[in-house]
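A short worksheet on the structure shown next.
For ligands, and for the atoms within them, numbers begin at 1 and follow the listed sequence. This chain uses plain numbering: 1 for the first residue, then up along the sequence.
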Amino acid sequence: MMERQRAGRGGMLFGGVDIGGTKLHAVVARANGTLLARARKKTKASRGVDAVLDRVQDVLEEACDLARTTVRRLAAVGVGAPSAVTEDGVAVNAPNMGWRNVPLAATLRRRLGRPVAALNDCDAGTLGEAVFGAGRGAGTLVGFFMGTGLGGGIVRRGELIRGENGIAAELGHQIVAANGRLCGCGHRGCLEAYASKTAMARRLAREIGEKGRRSRLEVDGGDYASIGSSLLARAYRAGDPVVREVVDEAAWYLGLGVANLITLLGPDRVVLGGGVFEAFGPRLVARVRKSARAHTFPPASFDDTRIVLSQLGDDAVALGAIAYAMRGETRQAGGR
Ligand SMILES: [Zn+2]
């Protein structure tokens with residue numbers, strides 16, 4: 001019976017969508033994580049929730065076309081969103097999207113006619129790495145994803161740790177400097193205010209734009225926020241002193257945050273992902289590791305933790321959303 005169930009699931013296809021502030025990324029995959037197709041589209045968040053959900057539907061259909069299937073034939077769909085998401089799939093608050101209490105899973109379920117599960121994007125990314133990527137086999141996995149912002153997640157023995165309220169593990173908003181830099185969340189000294197692309201852009205604007213330090217990254221009009229991670233990585237590799245200083249500082253702070261998690265939880269693995277790590281690769285992981293080692297207590301607990309680069313890259317959130325949706329699908333099948 002088990003064998004038959006497993007064989008049946010092997011033939012099932014799942015859809016996953018990473019709803020980002022600027023772009024949507026959809027994949028179609030098998031239950032074992034084998035990717036069949038991916039598609040992308042701009043989010044156009046300013047057009048409102050319904051317009052974004054139209055585009056989510058479009059990008060998923062596009063991925064299905066490429067995988068030679070249809071949305072109707074998907075066993076289930078998972079979506080990751082840049083928001084705290086309740087267990088029944090309501091996006092509570094997504095500042096980048098202008099969303100408040102959007103019933104994401106229920107609305108998409110109605111539109112797609114398929115079971116839909118929704119979760120926070122960084123929870124999805126961590127779950128994706130735990131099930132299909134660099135976190136496979138880990139007992140406790142902590143994920144940090146550095147892009148425009150900084151998010152993270154915790155997976156222990158295959159389950160997301162989200163606290164009794166279901167919305168905890170906001171790793172980017174742990175405070176690493178009392179009365180420090182102002183964070184987008186309104187608090188001061190959050191890790192995200194030091195270790196994110198937004199934080200680095202602010203420092204670049206100050207060092208280059210205001211202090212007039214020489215850098216190959218000098219931007220007309222001072223719009224440092226639009227600098228892509230790959231351009232930043234190129235300047236870093238070329239030895240640009242200002243970029244080195246700014247990026248190394250971000251890595252040092254992220255190392256502090258990683259050390260806090262190791263000290264508190266003793267994970268056996270930490271995975272680092274997101275656009276910035278995609279662009280910088282192992283070199284930046286090494287900087288973070290060095291800082292984490294210096295700040296973990298007791299020092300011996302650091303030796304039990306491996307800090308590794310994401311394996312799933314851009315697909316982590318969409319694949320993690322699939323892993324999450326697969327569980328709901330299994331629960332429903334079990335309940336019938
Ligand atoms: Zn914050």
Side-chain angles (χ1 to χ4, degrees), residues 18-22 43 45 80-86 90-102 118-126 142-155 160-206 224-227 229 232 246-265 267 270-277 284 287-288 291-292 295 316-317:
D18 175 1
I19 302 178
T22 53
T43 307
S83 169
V85 179
T86 64
V90 176
V92 179
N93 185 7
N96 292 343
M97 311 287 291
W99 290 3
R100 260 182 186 280
N101 297 316
V102 173
L119 76 169
N120 169 266
D121 53 0
C122 292
D123 279 343
T126 308
V142 170
F144 277 97
F145 298 88
M146 204 203 290
T148 309
L150 179 77
I154 304 165
V155 173
L160 279 162
I161 303 285
R162 295 185 289 192
E164 297 303 321
N165 54 20
I167 52 174
E170 283 286 355
L171 307 189
H173 297 278
Q174 56 173 306
I175 292 173
V176 292
N179 300 314
R181 292 185 202 159
L182 189 62
C183 178
C185 75
H187 288 166
R188 282 192 175 276
C190 293
L191 183 55
E192 182 176 277
Y194 293 83
S196 64
K197 221 153 72 62
T198 308
M200 291 192 278
R202 253 183 227 138
R203 263 217 70 194
L204 286 171
R206 199 165 62 241
Y224 290 89
S226 62
I227 292 176
S229 296
L232 205 58
V246 167
V247 173
D248 286 348
E249 182 195 66
W252 186 84
Y253 273 103
L254 181 54
L256 269 186
V258 169
N260 285 343
L261 267 294
I262 298 175
T263 299
L264 289 171
L265 289 178
V270 175
V271 62
L272 303 177
V276 174
F277 281 98
L284 194 60
R287 306 288 311 192
V288 175
S291 168
H295 295 105
V317 173

For this session: Provide the atom name of the closest N, O or S atom of H173 relative to the Zn ion (ligand 1).
Result: ND1

Exercise. More than 12 heavy atoms of other residues, nucleotides or ligands under 6.0 Å from CG of N165: is that the case?
Worked result: yes

Exercise. How open is the angle at the Zn ion (ligand 1) from atom SG of C183 over to atom SG of C190, rounded to 10 degrees?
Worked result: 110°

Exercise. So do the side chains of E249 and R203 get within less than 4.5 Å of each other, counting heavy atoms only?
Worked result: yes

Exercise. Would the number of heavy atoms belonging to other residues, nucleotides or ligands and lying under 6.0 Å from CZ of R206 be above 12?
Worked result: yes

Exercise. Can you check whether L261 reaches L171 side chain to side chain, under 4.5 Å on heavy atoms?
Worked result: yes

For this session: Would you check if the Zn ion (ligand 1) lies under 2.8 Å from any N, O or S atom of C185?
Result: yes

